[in-house]
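All remarks here apply to the structure that follows.
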2 protein chains.
Amino acid sequence: MEQTESRRTRGRPRQFDLDEAVATAQRLFHARGYDAVSVADLTQAIGINPPSFYAAFGSKADLYSRILDRYAAQGAIPLPDLLSADRPIAECLVAVLEEAARRYAADPGAAGCLVIEGARCADREAKGAAGAFITAGEEAIYRFIAARYPDQAACIQDYMSTVMAGLSASARNGHNFDRLLATARLAGVGLEQTFALNRQGREK
Amino acid sequence: MEQTESRRTRGRPRQFDLDEAVATAQRLFHARGYDAVSVADLTQAIGINPPSFYAAFGSKADLYSRILDRYAAQGAIPLPDLLSADRPIAECLVAVLEEAARRYAADPGAAGCLVIEGARCADREAKGAAGAFITAGEEAIYRFIAARYPDQAACIQDYMSTVMAGLSASARNGHNFDRLLATARLAGVGLEQTFALNRQGREK
DNA sequence: TCCATAACTTACGATCCGCTACATAAATGG
DNA sequence: CCATTTATGTAGCGGATCGTAAGTTATGGA
């Protein structure tokens, strides 16, 4: 017999909802950034005391890492979906930029990319956790480009990273979705032009 | 008779060089960002004690503001020079982006733009001081574009801000000058294309 | 020589930071 | 019933933060 999911745990039941607390913390981190959110801010927002916080989440950095997982599964840009399509490369990359514009401006109270902005914090642990997600995304984009244009993949990958960091920054600076989208499309012109020239060169 | 510059001040002479101290502080702020530099870091790097620091500079935020002035005069992108030229608009804007790439990667120990990165800090006072410089730069670029293309000035201005923020972020992420320059030029394609289409539309 | 001035050194206050020791409350298992 | 387990609240630790009060030292001016 396996233990069923309905079997209660032993000790005193937790008096707050874990997922709800994580969501609250995510909102805080996204709105203010890792460094600017103190444990006191978190415990107050969740409505618990420090010992409950540390018992449930380990530490501020641990909680942040858990939130990054949550974000990658729910709020982040779905790179596999956008990149695995059998559309032209430039179209896919522009779609990524447009999706970035959409998501970065989705919540006015938590603008920008949680991961990109998180990687800018001073805390070594949190920076490393966010950096791992960034690296993963960068590699996904790099491989996607390199499959067809290995020579230019690095350069275009740099461009994508830079534009996305810029979009996240501009979102935090108050640019709304329309402005971000216009910027993303303007940035896409460089991509389309590059791959158009590539095709010309090949067909010659 | 006016008092000459050689006239010494009354009390005990300062035992450290003011300009040198400001330069040291600028290096620290540029390398780590406003929030991550403590007064203790500054006093230790300069070689003085806190009271001397506060007597000389007022506060951390005051010193930062003074450093922004210094940076605007020495280290920042010379927008008037680059924009007042009677070259095509796109060429000027690309020159700004290329100059940004050059300066943001100039010092590996202090990558990115002191002003752009400073505007991202948590301290209200420092954020406001840096924000004023950013606004001034943005307005200069906006006016430059609007003089000939008023309809598209806002959009292109957004694009410029976003790319420059991205370049600064990528510089902090370790991109060297060559990589930043390639990114800046790729970003310039969107500008050239836009203004090329504009001319086509006019000549029709 | 003595005073006014200004920068110096030492030491500390007040507050916030992440985090925890300790006793207590609320549940399950025997 | 009691033991075990887990969460909770109170209260506080050690350290870092920005900033300052108090007393000392070094200069110029009268």
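Just so it is clear: chains get the letters A, B, ... in the order the sequence lines come, proteins before strands, and each one is counted from 1. Values below: every heavy atom of this structure, side chains too, minus hydrogens, waters and symmetry copies.
Going from atom OH of Tyr64(A) over to atom C1' of dG18(C) covers 18 Å, rounded to whole Å. The CG atom of Leu63(A) sits 13 Å away from the C1' atom of dG18(C) (whole-angstrom rounding). Between the P atom of dG18(C) and the CD atom of Glu125(A) lies a distance of 13 Å, rounded to the nearest Å. If you measure from atom CG of Leu42(A) to atom C1' of dC16(C), you get 15 Å, rounded to the nearest angstrom. Atom CZ of Arg14(A) is separated from atom C1' of dT5(D) by 13 Å (rounded to the nearest Å). For Phe57(A) and dC19(C), the CZ to P distance is 14 Å, given to the nearest whole Å.
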Next on the checklist: ring-ring contact (aromatic ring centres under 6.0 Å, His included) for Tyr104(A) and His175(A)? Distances and angles first, verdict last.
Outcome noted: CA-CA 10 Å; Tyr104(A) 294 172; His175(A) 292 207; over 10 Å; no
Checklist entry - For Arg185(B) and Val189(B), what are the C-alpha separation, side-chain angles and deciding distance, and is it a side-chain contact (heavy atoms from CB on, under 4.5 Å)? => result CA-CA 7 Å; Arg185(B) 289 195 170 140; Val189(B) 172; over 6 Å; no
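Nearest nucleotide to the Phe16(B) side chain, out of dA7(D), dC8(C), dG28(D): dC8(C).
Ser170(B) and Asn173(B) share no side-chain donor-acceptor pair at under 3.5 Å. At a cut-off of 3.5 Å, with distance as the only test, a side-chain donor of Ser168(A) or Glu117(A) sits close to an acceptor on the other residue. A donor and an acceptor atom, one from each side chain of Thr24(A) and Glu20(A), are nowhere located under 3.5 Å apart.
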Checklist entry - What one-letter contact string describes nucleotides 9-22 of chain D from 5' to 3', where B marks a base within less than 4.0 Å of any protein heavy atom, S marks contact via sugar-phosphate atoms alone, and - marks no contact? => result BB------SSBBB-
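Proximity of Arg10(B) to the phosphate of dA4(C): no side-chain N or O atom is located under 4.0 Å from OP1 or OP2.
Listed by first and then second residue, the ring-ring contact (aromatic ring centres under 6.0 Å, His included) pairs that reach into residues 36-64 of chain A are Phe29(A)-Tyr64(A), Tyr34(A)-Tyr64(A), Phe53(A)-Phe57(A), sequence neighbours excluded.
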